[in-house]
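The structure under discussion appears below in the form of structure tokens.
In each ligand, atom 1 is the first atom listed, and ligand 1 is the first ligand listed. The analysis underlying the following values was restricted to heavy atoms, covering all of them including side chains, and did not include hydrogens, waters or symmetry mates.
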Amino acid sequence: MDRIITPARILRGRIRIPGDKSISHRALILGALARGDTRISHPLLGEDVRSTRRCLEQAGIRISEKSGNLIVHGRGMGGWRAPASPLDCGNSGTTMRLLSGILAAMPFRSTLVGDASLSRRPMKRIIDPLGRMGAKITAAAEGTAPLEIDGTRLSPIDYITPVASAQIKSCVLLAGLFADGTTSVTEPSLSRDHTERMLRGFGVDVSREGLRVSVTGPAVLQGCEVDVPGDISSAAFFLIAASLLPDSEIRLENVGLNPSRTGILEVLDEMGADIERTSEREINGEPRADLIVRSARLKGTVIEGPMIPTLIDEIPILAVAAARAEGRTEFRNAGELRVKETDRIAAIASNLESMGVRVDIQEDGFVIEGPQTLHGADIETFQDHRIAMSFAVAGLAAQGGTRIRNAECAEISYRGFYETLGGLIHG
Ligand code: S3P
């Protein structure tokens, strides 16, 4: 279904951002490995998390839903059952990569499949370290899904990953929970650390020395309560929309501010955005606050190096901000964007170009000289939720109408996104 976005002048209001996607996946998965019940408050109920839920249910885990909250009836580390049919991870890389680490250690065979996009994404990055732990995994010739996993006994590993990826790190750490001894992962720079923080809440000892994180197996997880903060990656669309439209002010309630995710706030601060943090607090080891964003004149900046993993999912919407900012914005060392739900460097560039914005594309990034006028255009989402939402925001700040093709893919991470955005428009 297509959506037409018409230009808006002012955004005002107060919204509650849906639950963090990464934390919601992890709460379900760790809850399924735990003894006893895990209560998850304010989880994201988007398509990706539903994929995780369905896969766990196929592995014999009972999950009940009550007024938008979830209860996972954990079966312990040894209580999962062999799924009767392939586990469908849909569009979700997190589902496939995290579950692989667990299924590799289970005493049964399982198959993981995904949609067309997920079936093109690289899985060798998890098959290699898991293989070194003794896992038996067969992938398609290109190192992609479907993955056939023949569960077996795993040995611990001291793994140095070439990519700062929370999915790789979490996959290996989850496998390490089953191996006899200490499993460590060292990454080139810090990726989101929700797995490590949440494991502690489930009673697992996790140690960290700089960029090296370790767990010792065999581990026992105890069910607990997880209160999911709002997803800063979803908040980012509103932070930038309100920054770009004059006289706007929005309050975003209960946004997760884990330091491994707040690169977007640091960069927006550098660009001159006006964002205030209030009611700062920490629950389940995850800091959170309300954010108040007011319009501001943004200026260009350089986004590169260790900053990239801390805002990787926000680069599409930052590209829209860069187009309207005064001066040059450079995105470097962001080659990982090429293997997300779609090749996001190509998708950002082609859609900005359709809107009349010149983009200098490189292999691992791009450069935009701003400010440039955004002209309403036909947007190709490539079924990528973050491309759809980023260009809906671009449409608000554009001259003329914008058509978002297959706009419903936003539901992957944000149900009701367009309605929430529409509800903030005042003139
Ligand atoms: C995620 C990690 C990131 C991110 C993805 C969610 C996670 O992927 O882009 O949206 O929940 O661990 P990588 O680990 O591939 O960087």
If you count the atoms of ligand 1 from 1 in the order shown, which ones are under 4.0 Å from a heavy atom of [X]?
X	value
Asp313	4 (C), 5 (C), 9 (O), 10 (O)
Ile312	9 (O)
Thr94	1 (C), 6 (C), 7 (C), 11 (O)

To check your reading of the model: name the closest protein heavy atom to [atom], its residue, and the distance in Å.
atom	value
atom 11 (O) of ligand 1	Ser22 OG, 2.7 Å
atom 1 (C) of ligand 1	Gln167 NE2, 3.5 Å
atom 14 (O) of ligand 1	Ser165 OG, 2.6 Å

Contact between [X] and [Y] at the side-chain level, heavy atoms closer than 4.5 Å - yes or no?
X	Y	answer
Leu70	Arg53	yes
Val226	Met198	yes
Met355	Gln372	no
Ile71	Asn69	no
Lys340	Ile312	yes

- Shortest reach to atom 15 (O) of ligand 1 by a heavy atom, considering only Arg386, Glu341, Lys340: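 Heavy atom nearest to atom 15 (O) of ligand 1 belongs to Lys340.
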- Item | Any donor-acceptor N or O pair under 3.5 Å, side chains Arg125, Gln167 |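 Distance-only check fails for Arg125 and Gln167.
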- Query: Using a heavy-atom cut-off of under 4.0 Å, does the side chain or the backbone of His25 touch ligand 1, or both, or neither?
  - Reply: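 The answer is neither.
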- Message: One residue to check: Arg26. Relative to ligand 1, which of side chain, backbone, both or neither has a non-hydrogen atom less than 4.0 Å away?
- Response: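 Contact part for Arg26 vs ligand 1: side chain (C-beta onward).
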- Message: Under a 3.5 Å distance rule, please check whether Thr381 uses its side chain to pair with a backbone N or O of Arg405 as donor and acceptor.
- Response: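 Yes, the answer is positive, given that a donor and an acceptor are paired below the 3.5 Å cut-off.
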- For Asp313 and Arg261, run salt bridge (charged side-chain N to carboxylate O under 4.0 Å, His left out): C-alpha distance rounded to whole Å, both residues' side-chain angles, the deciding distance at 0.1 Å, then the answer. CA-CA 10 Å; Asp313 292 339; Arg261 297 284 299 282; 5.5 Å; no
- Query: Going by distance only, is there an N or O of Ala166 that falls short of 3.5 Å from an N or O of ligand 1?
  - Reply: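 It does: an N or O of Ala166 is found under 3.5 Å from an N or O of ligand 1.
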- Query: Within less than 4.0 angstrom of ligand 1, does Arg192 place any heavy atom?
  - Reply: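 Yes, that is the case, since the closest heavy atom of the residue is under 4.0 Å from the ligand.
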